[in-house]
Amino acid sequence: MKKKLLKALANSSLVRNFVAKPSPKWMVLLADLILITFSCALTLTFGAHTNHGEGFLFTPFAKACFEFITYAVLALVLGTSRYIIRLSVIEDTYRLVLLILSASAVLSLVSLCTYFIGGFFYFSFWNIFVVGVMSFSLMLLMRLSIKYLYLLLSGISQTKTRVIVLGSAINSFFLASALKSEFEGRFDPVALLSLSPRNIDSTVNGIPVVPFDADTVPEIFEYYKCDTLLFLSTQLELMRSGTADVFLRNHIKLLMLNQVEEFDVNSKSMPALSTHVHNIRIEDLLGREPIRTENPTIRSVIRGQTVMITGAAGSIGSEIVRQVAALDASDIVLLDQAETPMHEMQLELEATFPDMKIHLFIGDVANRERMEHAFQKYRPRYVFHAAAYKHVPMMERNPAEAVMTNVFGTKNMADLSVKYGVEKFVMISTDKAVNPTNVMGASKRIAEIYVQSLFFHQRTQVDRVSTRFITTRFGNVLGSNGSVIPLFRKQIEQGGPVTITHRNIIRYFMTIPEACSLVLEAGCMGHGGEIFIFDMGQPVKIWDLAVRMISLSGLRAGEDIEIIETGLRPGEKLYEELLNEKERTIATHHKKIMIARVRTYDYKDVQEHVARLEAAVHAGAGHDIVAEMKHMVPEFKSNNSIWQQVDTEIKDAHNDSDDMHEIEVNPEAFASASNIRN
């Protein structure tokens, strides 16, 4: 009955207005003055003042009025009503103590001075003490009552998610206190999980502090009837180190707060701290050090230049566009054949970079005439070539399209870059080009071979190379279109099952912004002819990734969501590589970027093989296309694919004259970029 009455009261408009908004400062000040008046009146009533002469100034009433005026003036000066009561009892207490001490000091000084003059404002120290103690007690009691009433009403008026806050340091305490005080908030912190033994078995602002122990985590959360842990983004490294797995194994939901600094207890309107809390993403827990590039040279190179980005509407291309725009390029040419994503990209850029000159050019990189029109019109100085087909099974079924876009599209862009005097051409490649087991990877390796041989061919033709060709090679990027993480996320939202091709499959991962910043860095440091590879960190087992993603959704792998093995797809590897066995690396000034010492081929040989590949594409025979690709890339061995028979045929009828011939390149040519410094 009592609880129902309180709940009805809490839901009334008057009470809801009380808990939803902080009390006005003037109202708090008025309440303080009333309590001070009451304290002075009590001392007057009980005869704490003594007459020391005749006249009004000697009367107890005049002395009580003087005490009140002293306290009132100092309360205004010290700002005792400045803080929001529900959030700042500690600050209020400090201010109240300062008020009492200051007023007592003033009254004592006045008493001593007037004692020698005539004694009209003489206050006994007993009187000063009584007024001070009573005023302090009443004002503090008022604040504690308001805070308690607020917490009582806000807790009843709304159902909140019970959470345990990680840590017992000042930031964790502040977070828990602030969340507890939010009327419209979503969370009710019930405990602080301490990582330090110092604060164990203590209580902070009514919130108990309990020790963290991996073995007792289930019991702790069960005791507090809670299944959610909330932590700060500053604790993310700790969670990556394995602490997160302790909670995930026990099916504890993880939430993270990104921007605690945005919460200001002195703001005029109550900020919604809960809105900054979000579910932790699998990208946050991959256990790899974030890659940061802060090379001022990049901005100096890009600023004021015309930059063309192919595949500009794709995952990688669109991020390169954003980063190039942020580097103050004068003109950015967005080249892609995807109409709707290009339109969306245009709207985003117009909102984010309203003064940037953005040029949209719809076209297929495999269409030589259309691409030439783009170069004639915009005359780019830098080209970032991200346009490519990338889905392995799809390209395994359509080798002609893989070759047309990934090989001849790259050839078109490279040839036109030379023709129109592009200073640098940066090609985005993939780790699947290393010892390829599929058509997609082989097509990217052929594209690498072509642009590299074209660069070294230029060096033999002219004293000064007109276009510097640079290749960047990296693995999977988190959240890219069609990648495994968005797929798993969608399958989990649909209730499963989560499909994985093989239990032991592993992949390297990098975030899209990281990959693109390294592309820009490598593009600026490259002198031409290099294939840059990126340090992708430790590989991730995809099965473990799926289990973690299911756990992060608050579900149980194998119980709530099934994980099903579907078998390796055509052309798919268990393990991806960034180098083949014949390649070595050269360090650069950036610890995450290395140069691969790759085999280089004679440009005339490459041209001949490309011509034969083009003829096979026009003939439309998939067998002949793949066979020619294998002649160009001898390490291309099909895996789990219909093209495995081509490997057998080539092995049985191998002709050395069909293979391309390597050329000797001074290793210093590859090492040139390693000498560049910020």
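Values reported hereafter were calculated over all heavy atoms of this structure, with side chains retained and with hydrogens, waters and symmetry mates removed. This is a predicted model, so every value here is computed, not measured.
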Check your understanding: Given Gln458 and Ser466, is the side chain to side chain donor-acceptor pair (under 3.5 Å) satisfied, shown in steps?
Key -> CA-CA 8 Å; Gln458 284 184 97; Ser466 62; 2.8 Å; yes
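- Of all non-hydrogen atoms in Ala442 and Val633, the two that sit nearest each other are O-CG2, 4.3 Å.
- The shortest side-chain heavy-atom distance between Lys432 and Lys444 does not fall under the 4.5 Å cut-off.
- Under the 4.5 Å side-chain criterion, counting only non-hydrogen atoms from C-beta, Leu334 is not in contact with Asp336.
- Among Phe455, Phe425, Phe532, the single residue meeting the ring-ring contact (aromatic ring centres under 6.0 Å, His included) criterion with Phe469 is Phe425.
- Heavy-atom minimum distance, Glu448 versus Ala433: OE2-CB, 3.8 Å.
- Closest approach of Arg299 and Ala326 over heavy atoms only: NH1-O, 3.1 Å.
- A side-chain donor-acceptor contact under 3.5 Å links Lys424 to the backbone of Gly526.
- When atom types are taken as modelled, the side chain of Thr467 and the backbone of Ser417 share a donor-acceptor pair closer than 3.5 angstrom.
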Practice item. Take His391 and Met440 through the test side-chain contact (heavy atoms from CB on, under 4.5 Å) and record every step on the way to the result. Key: CA-CA 7 Å; His391 292 288; Met440 193 283 285; over 6 Å; no
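- The distance from atom CG of Leu613 to atom CE of Met632, rounded to the nearest 0.5 Å, is 6.5 Å.
- Although no hydrogens or angles enter the test, the distance criterion places no donor-acceptor pair under 3.5 Å between the side chain of Ser443 and the main chain of Val407.
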Check your understanding: Can you list the steps and then say if Val434 with Ile533 is a side-chain contact (heavy atoms from CB on, under 4.5 Å)?
Key -> CA-CA 11 Å; Val434 181; Ile533 62 172; over 6 Å; no
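- Nearest heavy atom pair, residue Ala522 against residue Thr472, reads CB-CG2, 3.9 Å.
- Of the possible polar contacts, one joining the Thr310 side chain to the Ala387 backbone as a donor-acceptor pair under 3.5 Å is found.
- Of the charged side-chain nitrogens involved, at least one lies within less than 4.0 Å of a carboxylate oxygen, so that Glu319 and Arg322 count as a salt-bridged pair.
- In this structure, NZ in Lys541 is found 6.5 Å from CZ in Arg503, a value given to the nearest 0.5 Å.
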Check your understanding: What's the verdict on side-chain contact (heavy atoms from CB on, under 4.5 Å) for Ser453 and Thr600, showing C-alpha distance, side-chain angles and the deciding distance?
Key -> CA-CA 7 Å; Ser453 65; Thr600 56; over 6 Å; no
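- Lys390 places none of its side-chain heavy atoms less than 4.5 Å from the side chain of Thr430.
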**Study point:** Stepwise side-chain contact (heavy atoms from CB on, under 4.5 Å) test for Phe636 and Arg445
**Key:** CA-CA 9 Å; Phe636 172 23; Arg445 176 60 189 140; over 6 Å; no
Exercise for review: Output, in order, the C-alpha distance, side-chain angles, deciding distance and verdict of side chain to side chain donor-acceptor pair (under 3.5 Å) for Glu372 and Tyr420.
Suggested key: CA-CA 9 Å; Glu372 180 142 24; Tyr420 288 93; 2.7 Å; yes
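- No side-chain donor-acceptor contact under 3.5 Å links Thr306 to the backbone of Ile332.
- Side-chain atoms of His343 and Glu339, non-hydrogen and from C-beta on, never get closer than 4.5 Å to each other.
- Under a 3.5 Å cut-off, the side chain of Trp643 and the backbone N or O of Glu396 do form a donor-acceptor pair.
- A donor-acceptor pair is defined here as one N or O able to donate and one able to accept, closer than 3.5 Å; such a pair exists between the side chain of Glu530 and the backbone of Gly528.
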Using distance only, find each side-chain donor-acceptor pair of residues 353-365 under 3.5 Å and give its atom names and separation, not counting sequence neighbours.
residue	atom	partner	partner atom	Å
His359	NE2	Asp331	OD2	2.8
Asp364	OD1	Ala366	N	3.0

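- No donor-acceptor distance shorter than 3.5 angstrom exists from the side chain of Glu562 to the backbone of Gly496, with no hydrogens or angles considered.
- In summary, Lys419 and Asp415 do not engage in a salt bridge, as defined by a charged side-chain N under 4.0 Å from a carboxylate O.
- Rounding to the nearest 0.5 Å places CG of Leu248 at 5.0 Å from CG of Leu254.
- Rounding to the nearest 0.5 angstrom, the gap separating the CD atom in Gln491 from the CD1 atom in Ile563 is 10.0 Å.
- The closest side-chain heavy-atom distance from Ile542 to His502 is not below 4.5 Å.
- Two residues are said to be in side-chain contact when any heavy atoms from C-beta on lie closer than 4.5 Å; Asn398 and Tyr389 fail this criterion.
- Under a 3.5 Å cut-off, the side chain of Ser638 and the backbone N or O of Asn438 do not form any donor-acceptor pair.
- In plain terms, the two heavy atoms of Gly304 and Ser330 that are nearest each other are O-OG, 3.1 Å.
- Side chains of Tyr601 and Gln452: a donor-acceptor N/O pair is absent below 3.5 angstrom, by distance only.
- Summarising the geometry, atom OG belonging to Ser315 is positioned 11.0 Å from atom CD1 belonging to Ile320; distances are rounded to the nearest 0.5 Å.
- Taken from CD1 in Ile505 to CD1 in Ile500, the straight-line distance is 7.0 Å, to the nearest 0.5 Å.
- The backbone N or O of Asp605 sits less than 3.5 Å from a side-chain atom of Asp602, completing a donor-acceptor pair.
- Contact between Pro380 and Val422 at its shortest, heavy atoms only, is O-CG2, 3.5 Å.
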